[in-house]
Each structure stands twice: as C-alpha cells, then as structure tokens.
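Quick note on labels: first sequence line is chain A, next is B, and so on, each numbered from 1. Here the structure is a predicted model, which means the values were calculated and not measured.
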There are 2 protein chains.
Amino acid sequence: MHTLRDEPPLPARAGSLDRLDLRMLRILQSDGRITNKALAAAVNLSASACHQRLQRLMDQGWIEGFMGRVNIERLCEPVQCIATICMASHAPDTFRQLEQHIDDLAEATAAYTVSGGCDFIVHFACARMSRYMELTDELIRLCPEIGNISTHVVLKQSKAFTGYPIAQLLVEPA
Amino acid sequence: MHTLRDEPPLPARAGSLDRLDLRMLRILQSDGRITNKALAAAVNLSASACHQRLQRLMDQGWIEGFMGRVNIERLCEPVQCIATICMASHAPDTFRQLEQHIDDLAEATAAYTVSGGCDFIVHFACARMSRYMELTDELIRLCPEIGNISTHVVLKQSKAFTGYPIAQLLVEPA
DNA sequence: TTTTTTCGTCGAATATTATTCGGAGGCTGT
DNA sequence: ACAGCCTCCGAATAATATTCGACGAAAAAA
C-alpha cells in the first residue's frame with residue numbers, strides 16, 4: 001500500500017504527477033514496449049493500478065506516443081544534414097511560414113527556433129545529397145525571407161537520441 | 001500467400017529485408033506499442049509469421065529498441081541548447097575523447113560529428129541554464145582541444161523528431 | 001472528533017494477445 | 001521429379017491486458 005504522506009515533495013513543475021508516475025515515465029521512455037505487467041512489477045503496483053495510470057499518462061498527454069528506434073544507417077545510409085538558417089526579416093509571420101514549410105517536409109526530421117548566431121536549426125535526413133539541395137532550394141524559393149542557410153553534413157552520429165534525462169531534469173534548483 | 005517473384009526489386013541498401021519488413025519497420029517506427037496482432041493485420045500476415053519477422057527485426061538489430069515519447073516541456077520545461085563546437089586540433093584522439101565525454105553526459109541528448117563551420121553539434125537538455133554552463137565549462141576543462149563552443153538556446157521546438165522518413169529514404173536514385 | 005466524500009488500490013474474472021508447434025506449399029538446385 | 005530450405009498458416013497453449021466491484025487511506029465537512 002502506498003502512503004504518500006511521508007514522501008518528500010515533488011518539483012512543482014511535474015504538475016499532478018507523483019513519484020510513481022515519474023518512474024513509469026522514465027521506464028516507458030527507455031523501454032516503450034515493456035508489458036504492463038512488467039511495468040507494474042517495476043514500480044510495485046498491481047497490474048490494474050498500473051494500467052490505469054498508464055492510460056492516464058497517455059490520455060493526459062504526458063506520453064505523446066511510442067516509437068521504434070530504427071537503425072536507419074544500416075537500413076539505407078541516408079545523408080543527414082544539420083542546417084542553420086538565418087532570416088533576413090524577423091517578422092513573426094515569416095517565422096511561422098518557414099516553420100510551416102519545414103513541418104510539411106517529411107525529410108526535415110527535427111527543427112528548432114533558436115537564439116544565437118542563427119534563427120533556426122533543422123535536421124534533415126535525405127536519400128542523397130542532391131535531394132538535400134532540392135529541399136533547401138525549394139525552401140529558399142518558398143521563403144524569400146531566408147537570409148542564409150549554412151549546412152553541416154553529418155559525418156557520424158556519435159550519440160543518438162534515446163530520451164531525455166528525466167532524473168537530472170527533475171532535480172530542484174539549488 | 002505471398003509470391004515474391006512478381007514484385008519489383010528492392011533497393012540493395014535494404015539488405016536482406018523485403019517489402020513486408022520495411023512496412024513493418026515503418027509502422028513500428030510510428031507506433032512502437034502496436035500489438036503484434038494489429039501489425040500482422042496491417043501487413044496482411046498471420047500473427048505467427050508477423051511475430052517471427054518482428055523477432056528477427058529486433059534480433060538482427062534493424063530495430064534498436066522502443067521508446068515512449070515523453071512530453072518533456074510539459075513535464076519540466078527544460079532548458080534546451082544546441083552547441084556547435086570547433087576543435088583547435090583535429091587529431092583523431094581528440095575527437096574520440098570529446099565523443100566519449102559527451103557520451104557520458106546524461107544531459108547531452110544527441111551529438112553529431114559534422115563538416116562545415118564547426119566540428120560537433122550537440123543537443124543538451126538541462127534543468128536550468130546554470131547547469132548548462134557547468135556542463136560546458138566541464139567539457140572545456142576535460143577537453144582543452146575545444147577551440148570554441150557557440151550556444152544556441154532553443155526558444156521553441158517547432159518540429160519534434162518522430163522518426164525517419166523511411167518511404168522517402170528508400171527511393172532509388174534517379 | 002466523527003462522518004462523509006474522494007481517490008487510488010487490490011484481486012478476481014474475462015477478454016485479448018503473444019508465443020509455440022506441426023504441417024503445407026512455394027522456390028531452388030540437382 | 002525430387003530433396004532441401006524457407007516462410008507461411010492455423011490451432012493450441014501460455015501469458016497478458018482490461019474490466020469490475022470492493023476495500024482502505026486521506027482529506028474535507030460536520
């Protein structure tokens with residue numbers, strides 16, 4: 001039986017989630033296909049209670065989905081590029097427009113609006129380099145406010161994304 | 001019953017995988033928790049045959065794992081930064097050393113060795129900005145060959161990574 | 001303090017799914 | 001045509017998911 005009274009408080013940021021939810025999130029992030037039964041055992045809950053919580057985590061959007069991590073290098077050796085984009089105009093509409101175009105591009109796999117030496121950083125995965133050129137040319141054509149695109153070809157992915165460091169992120173500020 | 005004789009050839013890159021395997025990979029990438037039964041139905045296979053293929057895809061490393069996509073912004077609003085790192089020395093050992101240190105850093109969530117205006121691009125997720133400074137200071141201390149680190153603070157993730165565009169990547173070169 | 005309400009858990013029952021197994025059919029090379 | 005190999009299928013079994021009513025703790029109201 002779980003008595004929450006004697007547990008230390010959680011970071012306010014975690015909202016309505018308790019320690020058990022967070023443990024579940026961490027486990028599910030690293031093993032998205034774990035069975036409900038095994039997850040229940042890992043957090044010391046009955047299968048039914050665990051199932052209910054898992055449902056809630058998904059319904060309330062704490063977990064946005066599950067994905068298989070495909071070994072894409074082995075599958076097809078794609079050309080991966082990271083583009084840093086500077087805008088000539090910083091009008092909000094211009095930004096939105098570019099974000100939309102990138103969102104529509106299947107081969108743009110991740111995109112960030114950033115501060116610093118450029119305005120956007122976009123990760124691409126393409127079948128070949130000529131395809132990457134097509135894509136960037138098209139972007140520039142669609143979005144004349146793009147001032148500059150600087151391309152970094154990925155020589156090697158030295159660390160693949162396998163989830164966020166939830167434990168480290170939830171520590172209280174000192 | 002599947003007769004492969006009349007199917008068009010696959011890209012050689014896909015190795016020993018056939019069309020069915022690729023469809024499974026695509027589905028599993030976008031829905032990592034799909035049941036074997038549903039997957040079988042989606043690719044027109046019996047549950048047993050599908051199960052056998054799934055096992056093979058994992059055993060042979062085409063799928064490296066499954067992860068839950070946690071809504072990290074909602075969970076804790078981390079400070080996300082993308083750092084571009086230039087090395088003063090391009091000796092292989094220096095590169096390996098930095099890769100190792102980054103690999104050991106939980107808060108470095110993805111890292112790329114790239115060509116272009118810098119040598120590395122690293123994505124960080126930290127509890128707060130001061131923590132990011134600690135991490136980069138530590139990196140510079142451990143790796144004196146780092147010539148320069150330029151930080152881009154992520155203002156907004158306009159497109160989250162949800163998998164590679166397998167369909168686009170497997171098209172044959174024109 | 002006592003009562004009431006709420007919330008989350010449990011265990012059992014049922015529904016669904018995973019996994020294993022033997023057999024059948026296609027494909028290839030002899 | 002035949003043998004060997006591969007992959008499929010369907011049925012049987014094992015395991016898991018999901019639902020449900022009841023119980024106990026904590027919090028709110030009396």
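- In the model, B/Asp93 has no side-chain atom that pairs as donor or acceptor with a side-chain atom of B/Gln97 under 3.5 Å.
- Ring to ring, A/His123 and B/Tyr112 are close: their centroids are under 6.0 angstrom apart.
- At whole-Å resolution of the value, CG in A/Leu45 and P in C/dC7 are 18 Å apart.
- Put simply, CG on B/Leu20 is 7 Å from P on D/dC8, counting in whole angstrom units.
- Not one side-chain nitrogen or oxygen of B/Arg56 sits closer than 4.0 Å to the OP1 or OP2 atom of D/dT7.
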Protein-nucleotides 16-21 of chain C N/O pairs under 3.5 Å:
| from | atom 1 | to | atom 2 | distance (Å) |
| --- | --- | --- | --- | --- |
| C/dT17 | OP2 | B/Lys37 | NZ | 2.8 |
| C/dA18 | OP1 | B/Asn36 | N | 2.6 |
| C/dA18 | OP2 | B/Asn36 | N | 3.2 |
| C/dA18 | OP2 | B/Lys37 | N | 2.8 |
| C/dT19 | OP2 | B/His51 | NE2 | 2.6 |
| C/dT19 | O5' | B/His51 | NE2 | 3.2 |

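- Below 30°, between 30° and 60°, or above 60°: for B/Phe95 and B/Phe120 the angle between ring planes is between 30° and 60°, a tilted geometry.
- For A/Leu17 and C/dG8, the CG to P distance is 12 Å, given to the nearest whole Å.
- Rounding to whole angstrom units, CZ of residue A/Arg53 and C1' of C/dT9 are separated by 9 Å.
- Rounded to a whole Å, the CD atom of B/Gln52 is 14 Å from the C1' atom of D/dG10.
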Dump the intermediate steps for side chain to side chain contact (heavy atoms under 4.5 Å, CB included) on A/Glu134 and A/Asp137, then the final yes or no. CA-CA 5 Å; A/Glu134 285 176 32; A/Asp137 286 353; 5.8 Å; no
A/Leu54 vs A/Leu28, test: side chain to side chain contact (heavy atoms under 4.5 Å, CB included). Steps then yes/no. CA-CA 9 Å; A/Leu54 174 52; A/Leu28 286 164; 3.6 Å; yes
Worked check of side chain to side chain contact (heavy atoms under 4.5 Å, CB included) between B/Asp119 and B/Leu98: CA-CA 11 Å; B/Asp119 299 308; B/Leu98 178 55; over 6 Å; no
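- Not counting sequence neighbours, B/Arg33 has no partner by the salt bridge (charged side-chain N to carboxylate O under 4.0 Å, His left out) test.
- Taking the screw axis at each terminus of the helix from C/dT1-D/dA30 to C/dT30-D/dA1 from five consecutive base pairs, the angle between the two is 30° to within rounding of 10 degrees.
- Partner A/Ile85 forms a side chain to side chain contact (heavy atoms under 4.5 Å, CB included) with one of A/Ile146, A/Thr151, A/Thr136, A/Thr113 and no other, that one being A/Ile146.
- Protein atom CG of A/Asp18 is 15 Å distant from nucleotide atom P of C/dC7, rounded to whole Å.
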